[in-house]
There are 2 protein chains.
Amino acid sequence: MKEQTLFKKILRDSGYSTTKARSLIFDLLLGSDDPRTMHQLIEATEGRIDRVSVYRIVELYEKLGVAQRINIGWKYKIELSDVFLDHHHHMTCLDCGRVVAVKDEPMFEEMIERLGQANRFVLKSHQLEMQGYCDRCRSNAAQ
Amino acid sequence: MKEQTLFKKILRDSGYSTTKARSLIFDLLLGSDDPRTMHQLIEATEGRIDRVSVYRIVELYEKLGVAQRINIGWKYKIELSDVFLDHHHHMTCLDCGRVVAVKDEPMFEEMIERLGQANRFVLKSHQLEMQGYCDRCRSNAAQ
DNA sequence: CTGCTTGCAAATCTTTTGCATTGAA
DNA sequence: TTCAATGCAAAAGATTTGCAAGCAG
């Protein structure tokens, strides 16, 4: 199913309407490879949507599982959820700030599952964030 | 080495002095099992330290590797770094908010290492955050 | 002593709330 | 048409900055 169609279906099924503002935010998220900060997202609307609405829309997307916040350093960024992007994790370069999406291995998922059971948790989600220096930056300067 | 001693040594070695304010924040972090939000930390000082100083001290602790921010849901919390606590990860209950520290397996560390190499990153740190429902909450209501 | 630290005041930035108006179905 | 969604104004909350006074070494 085309992303936009699935997106509209999710809204409709949950009793929300598809509006110009909601579609724009969705397209902005779909259009960028990298997660976006709230600030970037608001900038990207170029005043077409009020900042308050951006907050409200992102909040809704999180509730519906359309988007998720991920934590990069001290800040958070927004990206589409696993429904629209493959489940993955992030590796951030401490020097240039580049964020690489890392597909995870089945073995990793199994391990997460085991950790949950060992603590008697029924796990719903998880995030793995890694930081280090990418090859480009490493060849430029000694860390 | 006793925690306080190591703490003072880290400050001294980096050219910072040990002050009443810095010791208090350190003790507060050392005294609680769970990570603390900035808000909780400020409350815990009971006005003995200005909120601005708390921010500045926490910032310094992060720079020196004494403490680290961890992301719990949308917010972040502060806890002592691996220098003072064993390296671990967090499992948060989506219902009651309880945070469980999870010791990780050597296998996990190996996997992280491999992921780094595969992406030509030299990894320096990583965090794994898991969310789900704990056994207490699960037995109270159906999720 | 002397410069690093802190407190205080205030600026700035981020996020939330209330309410009147607009627009999707 | 009708109620949900948006914009606008403003409040509330979080974080940062500048500067004078205080304290650790």
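Remember, it's a predicted structure, so these values are computed and weren't measured experimentally. The sequence lines fix the lettering, A, B, ..., with proteins before strands; numbering per chain opens at 1.
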Of G15(A) and H39(B), whose closest DNA chain D nucleotide lies nearer the 5' terminus?
G15(A)
Whole Å only: how far is the OH atom of Y16(B) from the C1' atom of dC4(C)?
10 Å
D50(B) side-chain proximity, nearest of dT16(C), dC8(C), dC8(D)
dC8(C)
Is any side-chain nitrogen or oxygen of T19(A) closer than 4.0 Å to OP1 or OP2 of dG23(C)?
no
Residues which pass salt bridge (charged side-chain N to carboxylate O under 4.0 Å, His left out) with K103(A), listed by chain and number, not counting sequence neighbours
none
Between H89(A) and H126(B), is the gap from one ring center to the other below 6.0 Å?
no
Please report, rounded to the nearest Å, how far the P atom of dG7(C) is from the CD1 atom of I25(B).
10 Å
Which part of the nucleic acid, if any, lies within contact of R12(A), taking any heavy atom under 4.0 Å across all strands shown: a base, the sugar-phosphate backbone alone, or nothing?
nothing
Could you check whether the rings of F26(A) and F84(A) sit parallel, tilted or perpendicular, using 30° and 60° as the cut-offs?
perpendicular
Ignoring the backbone of S53(A), work out which of dA25(C), dA9(C), dG7(D) is nearest its side chain.
dG7(D)
In whole angstrom, give the distance that lies between atom CG of L60(B) and atom P of dT5(C).
8 Å
Taking atom C1' of dA9(D) as reference, at what distance in whole Å does atom CZ of R51(A) sit?
14 Å
On a plain distance test, is the side chain of R56(A) in donor-acceptor contact with the base of dG7(D) below 3.5 Å?
yes
Between I49(A) (CD1) and dG7(D) (C1'), how many Å, whole number?
11 Å
Please tell me which of the listed nucleotides, dC8(D), dT16(D), dG25(D), lies nearest to the side chain of S17(B)?
dG25(D)
Touch check for R22(B), heavy atoms < 4.0 angstrom, all strands: base, sugar-phosphate only, or nothing?
sugar-phosphate
Between atom CG in L11(A) and atom P in dA24(C), what is the gap in whole Å?
14 Å
E79(A) bridged to R36(A) by N-O distance under 4.0 Å
no
Would you say L85(A) ends up clustered with F108(A) if hydrophobic residues are merged whenever their side chains have heavy atoms under 4.5 Å apart, either directly or through other cluster members?
no
Spacing between K9(B) atom NZ and dG25(D) atom P, to the nearest angstrom
15 Å
Value in whole Å for how far the C1' atom of dG7(D) lies from CD1 of I42(A):
14 Å
